[in-house]
Each structure stands twice: as C-alpha cells, then as structure tokens.
Colleague: 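The structure is given below, and queries will be raised subsequently.
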Number of protein chains: 2
Amino acid sequence: MGERREIAALEGRLVAELVARGLRQTGPRRVIARVFFEAAPDEHLGLDEIHSRARKRDRHIGYATVYRTMKLLTEVGLAHERRFGDGFSRYEVAAGAAHHDHLICSRCAGIVEFEEPEIEAIQERVARRHGFAVTSHRHEIYGICASCQKAEHG
Amino acid sequence: MGERREIAALEGRLVAELVARGLRQTGPRRVIARVFFEAAPDEHLGLDEIHSRARKRDRHIGYATVYRTMKLLTEVGLAHERRFGDGFSRYEVAAGAAHHDHLICSRCAGIVEFEEPEIEAIQERVARRHGFAVTSHRHEIYGICASCQKAEHG
DNA sequence: GTCGCTGCAAAACGTTTGCATTTAG
DNA sequence: CTAAATGCAAACGTTTTGCAGCGAC
C-alpha cells in the first residue's frame, strides 16, 4: 500500500513549508502532524481527538499547540477545516487533487465522502453568472444512512 | 408590492403554530418575529442583529428571548438556521417553496442566493447511490464577488 | 544567544440554561 | 389562577490568546 509513502510525502511538504517560512521543526509539531496525516481519510478529526491521539505519543503535548499546529497546517494548505453542524471544527487532509464533499448521517453522524465533477462544473457556471471568482466551496448533504434506515424499521 | 402581504402571511402561520401547540402570543415574540420576517431576504441576520433591531421597538427585549424565539421559529419551520464560516448562527426566512443556496464573498462577506435544480437532482442521485435518504443539504460557494474584484485592481 | 515554540491557565466567543418574576389565557 | 414566557445573569463548550519558560537553529 502507498499509505506510508503518502504520509512521508505530506510530511515532506510540511517540512518544506516550515523551512520556507523560517519556522522550526519541533517534536510536538511532528507528532501532531503525523497523527493528523495518519488518520483515516474519512475520520474528520476534531481538535479534541487529535489532542488525545497526540498525547498517546507524547504525554506533554497541550491543547493549544494542537490548535496552533492545525491552524498552521490549514494556512499552508495541508489541512482543510470543516464545520459541520455539531458545534466544533474538524480537520481533513487536503487532497492535493480532487475536491470532495460530504454525505452526513443525521442519526449516527457517519460521514461519507463523494466527488461529483458535474456539480463542480455547474457551480462554477453559477458563480460566473454572478460575477464571483470561486475560491472554494462546501457542499454537505444531510440525511439518514442505509444502516440507520434499517435500524429504524426494527 | 406583495411584501406586506407576505409578512402578514408569515405572521399568520406563526399564530397558527402557536395556537396548535398551546403556546402564547406575546409582545416580545411578535416583535422578534416581525423583525425577522421584515428583513431583506438576503440579510441572513444573526441573533445579535435581530436582538438590536428588536430593541429598537421594545427596549426591554432580552437576548435569551430572541434566542428562544428563533429556536421556536426554526422548529415550526418558519426559519432556517445557517452556519457559515464566521462563527455564529444566522437565520433566514424559510422559503416555503424552492430551496436555495449561497454564494459568499470572502472579502466583503456579501451573500448572494442561488437556486440550481440541476444540482439538487444530481445530489439526490449521489445520495441514493450511497443509500442515504436526504433530509436537507447545504451548498456554499466561497469566492470574491465582482465589486471586490474591481476594488482589488485599484 | 536569538527568536520562535510550548504548555498552562485564563480570556473570549457565541450559545444555552436556571431562576425568580411577569403575564397571557 | 396556572402554566408559559420573560429578562437577567450565570454556565457551557469550544476556540483563541497572554505569558513565562523552554528549545531549535
């Protein structure tokens, strides 16, 4: 699997960004970034979760450092901050490539990602019609997932 | 203009809901609902703004009452709560009819609404493919609006 | 030795709730 | 009269910041 390779690549990009900005490579940063990069692509971790996972590797890491590191990762384009309806921010690895959106189950909070180039195209057209230059977008579909639908009939 | 009529209609729906639920018609509720219903369709007021407008008509209205009234309006389906990226909730009159989404200018925070049935259709298809029963969605396109683009070249 | 980074604790933020009082029905 | 609604102030949960000490370079 290319997983290892991809994480290494992400870490490489981070190091490059740090150097380019005259910032330092530190233990906490490395741990937090790695926890984040290693998360399953559909986990969408919140600060709390990242913090607790990071602590398993270095007990001293503080919440504020997680916050600041994720902010940094977002600024350099390695992370995307998402705000679903549940009150806190979640982060996902910025897919260098295709953008994707989310299907969110209102019952079990499960999240499925999807890509739909056709929607992206239409959306680009809509924006142009209104004179907007698109920088990003967010598209979330809320509903009840298959397994929760089944459970409901029980 | 049908504006007056429409506000009256919305107020009527609210009264009907209140009666149906055994709730009371009170001064503060009337004022808050009216402020909300009278807002321009693209204003997307936050609690703060609704509160301050309501206070202009009744100095005694408290923030908590605005909060609870907007929650009520949301529950009975007369308001939709929106959370854009700016940290607080905004409300808009629930268009009984067609759903619409938002184009948001990252520079001036201006908001333009749009409807795109084609996107809705595709999205329905995507959800079905994943076994989801759609209940709602949110689609926001972020970018720079025409006038901010011009300003930028200045 | 710098200057950035860290952890802690505390502030800030919008949202939400407990409670004593007021008021619609 | 009674239960619902109100305003205030305080509690919440999360995000953000101030600061003294620590550590990368």
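Throughout, a chain's letter reflects where its sequence line sits, starting with A, and its residues are numbered from 1.
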Colleague: Is any side-chain heavy atom of Met70(B) less than 4.5 Å from a side-chain heavy atom of Phe36(B)?
Modeller: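 Side-chain contact under 4.5 Å: yes.
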Colleague: Checking His139(A) against Asp101(B): is there a side-chain donor and acceptor pair closer than 3.5 Å?
Modeller: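 Looking only at side-chain atoms, His139(A) and Asp101(B) do not form any donor-acceptor pair under 3.5 Å.
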Colleague: Provide, to the nearest angstrom, the distance between the CE atom belonging to Met70(A) and the P atom belonging to dT6(C).
Modeller: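 The distance from CE of Met70(A) to P of dT6(C) comes to 14 Å, rounded to the nearest Å.
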Colleague: If you compare all heavy atoms of Ala54(A) against all heavy atoms of Val31(A), which two are closest, and at what distance to 0.1 Å?
Modeller: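 Distance-wise, the nearest heavy atoms are O-CG1, 3.8 Å.
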Colleague: Using atom CZ of Arg21(B) as one end and atom P of dA4(D) as the other, report the distance to the nearest whole Å.
Modeller: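 Arg21(B) atom CZ is separated from dA4(D) atom P by 14 Å.
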Colleague: Please classify the nucleic acid contact of Arg30(B) as base, sugar-phosphate, or nothing, using heavy-atom distances under 4.0 Å.
Modeller: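 Answer is nothing: Arg30(B) stays at 4.0 Å or more from every strand.
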Colleague: Find the distance Arg82(A):CZ to dT15(D):P and express it as a whole number of Å.
Modeller: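 Atom-to-atom, Arg82(A) to dT15(D), this comes out as 16 Å.
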Colleague: Rounded to whole Å, how long is the line connecting atom CD1 of Ile61(A) with atom C1' of dG7(C)?
Modeller: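 Rounded to whole Å, this separation is 11 Å.
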Colleague: Starting at atom CG of Asp86(A), determine the distance to atom P of dT15(C), rounded to an integer number of angstrom.
Modeller: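 Going from CG in Asp86(A) over to P in dT15(C) covers 15 Å.
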Colleague: With heavy-atom distances below 4.5 Å as the criterion, would you say the side chains of Glu92(B) and His102(B) are in contact?
Modeller: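 SC-SC contact between Glu92(B) and His102(B) confirmed.
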Colleague: Heavy-atom distance under 4.5 Å between the side chains of Leu18(A) and Arg24(A), does that happen here?
Modeller: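 SC-SC contact between Leu18(A) and Arg24(A) ruled out.
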Colleague: Using side chain to side chain donor-acceptor pair (under 3.5 Å) as the criterion, point out the one residue from Glu49(B), His80(B), Glu113(B) that pairs with His44(B).
Modeller: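 So, applying the side chain to side chain donor-acceptor pair (under 3.5 Å) to His44(B) and each of Glu49(B), His80(B), Glu113(B), only Glu113(B) qualifies.
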Colleague: Are Tyr63(B) and dG7(D) close enough that a side-chain N or O sits under 4.0 Å from OP1 or OP2?
Modeller: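 Indeed not, no polar side-chain atom of Tyr63(B) lies that close.
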Colleague: Let me know, please, whether Gly87(A) or Asp58(B) comes out on the 5' side of the other along DNA chain D by nearest nucleotide.
Modeller: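 Per heavy-atom nearest nucleotide, the more 5' residue is Asp58(B).
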Colleague: May I ask you to say what Arg68(B) touches in the nucleic acid, namely base, sugar-phosphate or nothing, with a heavy-atom cut-off under 4.0 Å?
Modeller: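 Base, at least one base heavy atom under 4.0 Å.
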Colleague: All N/O contacts under 3.5 Å from nucleotides 22-25 of chain D to the protein, with atom names and distances to one decimal?
Modeller:
unit_1  : atom_1 : unit_2   : atom_2 : d
dG23(D) : N2     : Arg24(A) : NH1    : 2.5
dA24(D) : O3'    : Gln25(A) : O      : 3.4
dC25(D) : OP1    : Gln25(A) : N      : 3.1

Colleague: Measure the distance from NE2 on His51(A) to P on dT16(D) and round it to the nearest whole Å.
Modeller: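 Checked: the NE2 to P distance equals 16 Å.
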Colleague: Name the nucleic acid region contacted by Tyr67(A), choosing base, sugar-phosphate or nothing; use a 4.0 angstrom heavy-atom cut-off, strictly under.
Modeller: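 Base contact.
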Colleague: Once you round it to whole Å, what is the distance between P of dG14(C) and CZ of Phe84(B)?
Modeller: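 Phe84(B) atom CZ is separated from dG14(C) atom P by 17 Å.
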Colleague: How do Ala64(A) and Asp48(A) order along DNA chain D: which one's closest nucleotide is nearer the 5' end?
Modeller: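 Result of the comparison: Asp48(A).
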Colleague: Among dT15(D), dG7(C), dG7(D), which nucleotide has an atom closest to any side-chain atom of Ser89(A)?
Modeller: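 Of the options given, the side chain of Ser89(A) lies nearest dT15(D).
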Colleague: Figure out the CD1/C1' separation between Ile32(A) and dG7(C), and round it to whole Å.
Modeller: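 About 11 Å, once rounded to whole Å.
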Colleague: Ignoring hydrogens and geometry, is there a side-chain-to-backbone donor-acceptor pair from Glu17(B) to Glu75(B) under 3.5 Å?
Modeller: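 No; judged by distance alone, with no hydrogens or angles, the pair does not exist.
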